[in-house]
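Below is one structure, written out as structure tokens; the observations come after it.
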Amino acid sequence: MAKRYWLMKSEEDVYSIRDLEREGTTTWEGVRNYEARNLMRDHMRVGDGVLFYHSNANPPGVAGLATVSRAGYPDHFAFDRGSRYHDPKSDPDEPRWFMVDLAFQEAFPEVVSLERIKAMPELGQMALLDRARLSVQPVSKEEFQLIRKMGRRRKDGR
DNA sequence: GCCAACGTTGGC
DNA sequence: GCCAACGTTGGC
């Protein structure tokens, strides 16, 4: 199956690309939006490319790359009464929420800011721009490759 | 910290 | 099934 591409948001001060770099892999629990849930449960596959986006950051933007290292599986944090992600409506026999695991790939030398993304006509169709509150979203191969190229090159050309 | 967008909940 | 109230997200 062809590799797919995604953009996933994390609040920078909660979990950043540097945290992922240090840990190597992470679990992506806590997504509580059905559209995002469906993407993780039904469409994300091991090896898919991920743009790691920092929200609530200065500036907000894509901070690096990750890959999907485990496809969708039940978000067991929802069953844990002590977790901030506990959801009494999710049950192990019929889990409501799903998660994936990510592996670190690279941190960009400089964040590709939302402002720069908005300024690129080729990126005008990204869900990021009109589905601002969707934290897991599909990205085309062309969008992924362009942002990767922008991220690997510093603005000053070095 | 503000507030617009937007998804969810719950009364009817 | 409608829709107002409410909660959350996330840019600014």
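We name chains A, B, ... by the order of the sequence lines, and we start the count at 1 in each one. Computation of the quantities below employed the complete heavy-atom set of this structure, encompassing side-chain atoms and omitting hydrogens, waters and symmetry-equivalent molecules.
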Could you give the distance from OG (Ser90(A)) to CZ (Phe98(A)), rounded to the nearest 0.5 Å?
8.0 Å
With Asp75(A), the salt bridge (charged side-chain N to carboxylate O under 4.0 Å, His left out) member among Arg32(A), Arg41(A), Arg96(A):
Arg32(A)
So with a 6.0 Å cut-off around NZ of Lys3(A), is the heavy-atom count from everything else above 12?
yes
Along DNA chain B (nearest heavy atom to each residue), the more 5'-positioned of Arg96(A) and Arg133(A)
Arg133(A)
Centroid-to-centroid, Trp97(A) to Tyr34(A), below 6.0 Å?
yes
Describe the nucleic acid contact of Asn58(A) in one word from base, sugar-phosphate, nothing, applying a heavy-atom distance below 4.0 Å.
nothing
First-last contacting nucleotides on DNA chain C - partner chain A, under 4.0 angstrom, heavy atom
dT9(C) to dC12(C)
Using only atom types and a distance under 3.5 Å, with no angle test, would you say the side chain of Asp19(A) pairs donor to acceptor with the backbone of Ser16(A)?
yes
Between Lys89(A) and Asn56(A), whichever has its closest DNA chain B nucleotide further toward 5' is Asn56(A)
